[in-house]
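Just so it is clear: chains get the letters A, B, ... in the order the sequence lines come, proteins before strands, and each one is counted from 1.
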Number of protein chains: 2
Amino acid sequence: MTVGVRHDDLRRRNRAMVIAAVRGGGQPSRTEIAAATGLSNSTISTISADLITEGVLTVVPAIENGILKRGRPQVALGLHPRAANVIAVTLSLNSLSAAIIDYSGKVIVHEFRRPSTLTMSADELLNALAELVQSVILRMGQDLAPLLRMTLAIQGITDSSKRALLWSPITPHSNIDFADFFETRFRVPVTVENDCNMIAVALRARSPERYGKNLITVMLSDGIGMGLIQRGELFTGSRSSGGEFGHMIHIPDGAQCRCGRRGCVEAYAGNYAILRHARGECETAQPAADIDHLTMTEMANAARNGEGLERDAFKRAGEALGFALGSLFALFDPAPVAFVGLGTSAFDLIEPSIRNAIARTAGGQHNAEFDFAIQADEAPLIREGGAYQALTYLDQTVFAASPPLQVLDLA
Amino acid sequence: MTVGVRHDDLRRRNRAMVIAAVRGGGQPSRTEIAAATGLSNSTISTISADLITEGVLTVVPAIENGILKRGRPQVALGLHPRAANVIAVTLSLNSLSAAIIDYSGKVIVHEFRRPSTLTMSADELLNALAELVQSVILRMGQDLAPLLRMTLAIQGITDSSKRALLWSPITPHSNIDFADFFETRFRVPVTVENDCNMIAVALRARSPERYGKNLITVMLSDGIGMGLIQRGELFTGSRSSGGEFGHMIHIPDGAQCRCGRRGCVEAYAGNYAILRHARGECETAQPAADIDHLTMTEMANAARNGEGLERDAFKRAGEALGFALGSLFALFDPAPVAFVGLGTSAFDLIEPSIRNAIARTAGGQHNAEFDFAIQADEAPLIREGGAYQALTYLDQTVFAASPPLQVLDLA
DNA sequence: ACCCTTTTTTTCGAGCTTCGAAAAAATGAA
DNA sequence: TTCATTTTTTCGAAGCTCGAAAAAAAGGGT
């Protein structure tokens, strides 16, 4: 049972809507916010006056807009950059990064390291991250904005409370409670997010008109990750981060997957699977670990130049992705798909068989052409999505809540 | 952008919450409603007084409850049966039924027909339904409650606006705009719902503690249907009724499916697929239509008594269901599954291979034992779900809205 | 310069709504 | 019959949003 709407919730919700309208971009005027939210001008006026007083929003100085209309000019409102800072940490194979982002979304400090994540102990990994975070915090210096939230975007499966990493291909260790560690260390609320989910969040924020309602992001790499936006909401499983697209079954009892099971999509479309087939190895052969990008590039070039096993390997990868997407579309209805990750450098090789496979499924029946997008460099998207997740959380909770009345200091 | 919460929305939402608390069952007192909704006693008192005056709720006479406590006794509130009637129509292969249900959910009139739906024209089908509906309306007679809503629960795919049937196995005709037809004929708002979705709605209403958050219903019949409840909400696709579980791909380019494609789950687990394999036919053989239950029962008995092709056919059906459920679980996380329909009479034959297949998938990794339930007779569930859908729609829209002030007649 | 027009923003009182406290109601226990 | 207990209603206070009117801030025209 949802809880009833109390009177003070009303204000909180409407404040949240105003903040969301401003974060939505375009530095809207009060009138535009009123139109976007459906609230009256007078309400928006009251709320925005409060938010400006509290330092959440700020009046943006009039830019040199060529269009000079008659009448009182609109006053553009923006997010106050000093309202808060958040820290977005990303953790991928042999790559750590941390960035401090202000309330308006601008990156203030950004650093990264390239340690060998696979060979580190869990403690070493935690300490390396802590050192990196410490470093960016120091470089942030005496920024007057308080650090209010932190997200860790990780390639792997998180628990549903978004506090721990359950499993990840970047480290042999499992069940690492990152949130606990960082919260005690840095005294900041932390959530652990799946990297593909953050990419989906970032793409939705970038192109709400295209991806605002539905979006599937598919990460092509050693493993196959997925992020899913349905009806405007990030879809996560009820017990974990969900969306384990790479481990949907493509061929029952088929090729050996890294996860120990057989026939997963990843066992056909992951880098190691493509390599294994191209080299003519048995499909039950143990997957190779950590394939460098050069090998994949060479294989892609070989596939482009000849008819051999290489070309077939990419074709099979596309089929696995296509049939799985087709099954997904049968459940969710077709949605735009954004492919991300280094694996997209060979997208020309797999796209035809993806489309061909989808067309042979129920989900692909009605659409001649699907909306595919390519984004090779996923790192900025992951950071952006992590920051956005942290910032909108602040919007909806911390800043949407009316602050307690300030006691006037009359001394 | 969601629309802002206006002041009058507040009342509407809280009225909806009170009605929902009462429909939730248990004939709660005002105090219990306050506890369930989180609203104050005084608010509940005001709202429930209004709703009683309007004839939406009613005071339930004290039942002989043995527990006599000290203090003023609680007054139980219930839904006023005469607040409205709804009509729940169900449409399955060779079977039409219509029932009039009062606002409290009690069936008042119920009739059914057994025409041959496959050989009827679309007009004949519409007219047969109209005659049936007319008949129950006549039998309802001068019931003082107004008929405010109608649902058609149909085996098949509906459009996302829930007005038309896009495709169904029970009729060769497609794109039938049922809602339009019935709305002009009977002057009642109509929605067209998928039968499996209605089963899910009914089971959730019956066992909220078990199925309130997540539930998958799988209909075993000629085709394989699915209804999905995720986070308490009925899941439907964004363009259609969605959840075309039966047409997820089990084996790429595999057995011939009724839908014209190949390798769908249904092409292994549907009745025709089981029969085809048991008879040793080629799996690309054209599916047989409309297999009677006796044939399936005989085949199930043959499978129970021998090791032949029959047993293998059921085993393969279970594998298709299990792998597909495993893929589903990889996306959604494991959820309780309720199998419904006549096909469940052979559930003892397919269950082991379902469990075995799930255990070989990513979704089945963490759960040794899944929560399976069996419900052979789906017809009452479909009716119940359809009625519930109509009634809760009325709750949330018609009755939650504050009525215009009555002008007092002082003549 | 000056006034008019146009558009945006703020102000102000009215009307709802919810809430807490107190009162009223209804019953069992003594 | 009176007291204790629990539920329900009543009533005033406080908060929120809204519409209308006023104020503010520009350009346009003479």
Is the shortest side-chain N/O distance from [X] to OP1 or OP2 of [N] below 4.0 Å?
X	N	value
B:Arg30	D:dT9	yes
A:Thr43	D:dC18	yes
B:Asn14	C:dT17	no
B:Thr31	D:dT8	yes
B:Ser40	C:dG20	no

Over how many whole Å does the gap from [X] atom [atom1] to [N] atom [atom2] extend?
X	N	atom1	atom2	result
A:Glu32	C:dT9	CD	C1'	13 Å
B:Met17	C:dT17	CE	P	17 Å
A:Ile33	C:dT8	CD1	C1'	13 Å
A:Arg11	D:dA14	CZ	C1'	13 Å
A:Ile47	C:dT10	CD1	C1'	14 Å
A:Asn41	D:dA24	CG	P	17 Å
A:Gln74	C:dT6	CD	P	17 Å
A:Leu51	C:dT10	CG	P	12 Å

Exercise for review: Please round to the nearest 0.5 Å and tell me the distance separating atom CZ of A:Arg206 and atom CG of A:Leu381.
Suggested key: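 Result: 4.5 Å between the selected atoms.
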Exercise for review: Can you measure from OG1 (B:Thr43) to CE (B:Met17) and round to the nearest 0.5 angstrom?
Suggested key: 11.5 Å
Exercise for review: Among D:dT17, D:dC18, D:dT10, find the nucleotide with the atom closest to the side chain of A:Ser42.
Suggested key: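 Nearest listed nucleotide: D:dC18.
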Check your understanding: Salt bridge check: are A:Asp102 and A:Arg82 linked by an N-O gap of less than 4.0 Å?
Key ->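 Judged by the 4.0 Å cut-off on N to carboxylate O distance, A:Asp102 and A:Arg82 do not form a salt bridge.
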Exercise for review: Run the salt-bridge test on A:Arg15 and A:Glu54 with the 4.0 Å N-O cut-off and return the result as yes or no.
Suggested key: yes
Review point. Taking all non-hydrogen atoms of both residues, which atom of A:Ile19 and which atom of A:Ala400 are closest, and how far apart?
Key: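 A:Ile19 and A:Ala400 have their closest heavy atoms at CD1-N, 4.1 Å.
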Check your understanding: Nearest heavy-atom pair of B:Gln27 and B:Val60: which atoms, and what distance?
Key ->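 Of all heavy-atom pairs spanning B:Gln27 and B:Val60, the closest is OE1-CG1, 3.4 Å.
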Review point. What is the per-nucleotide protein-contact pattern of nucleotides 24-30 of chain C, from the 5' end, where B denotes a base atom under 4.0 Å from a protein heavy atom, S denotes such proximity for sugar-phosphate atoms only, and - denotes neither?
Key: BBBBBS-
Exercise for review: Side-chain contact test, heavy atoms from C-beta onward, threshold under 4.5 Å: evaluate it for A:Val18 versus A:Ile44 and give yes or no.
Suggested key: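 Yes, side chains in contact.
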Review point. Is there a side-chain contact between A:Asp395 and A:Arg23, using heavy atoms and a 4.5 Å cut-off?
Key: yes
Check your understanding: Nearest nucleotide by nearest heavy atom, which residue falls closer to the 5' end of DNA chain D, A:Thr46 or B:Val75?
Key -> B:Val75
Point to revise | Pair pattern of DNA chain D in dot-bracket, where unpaired bases get dots and | marks partners in another strand, Watson-Crick or G-U under 3.5 angstrom | key: ||||||||||||||||||||||||||||||
Review point. Among all residues two or more places apart in sequence or in another chain, which pass the ring pair (Phe, Tyr, Trp, His ring centres under 6.0 Å) test with B:Tyr103?
Key: B:Phe399
**Study point:** Side-chain H-bond candidate by donor/acceptor type, B:Arg231 with A:Thr236, under 3.5 Å
**Key:** yes
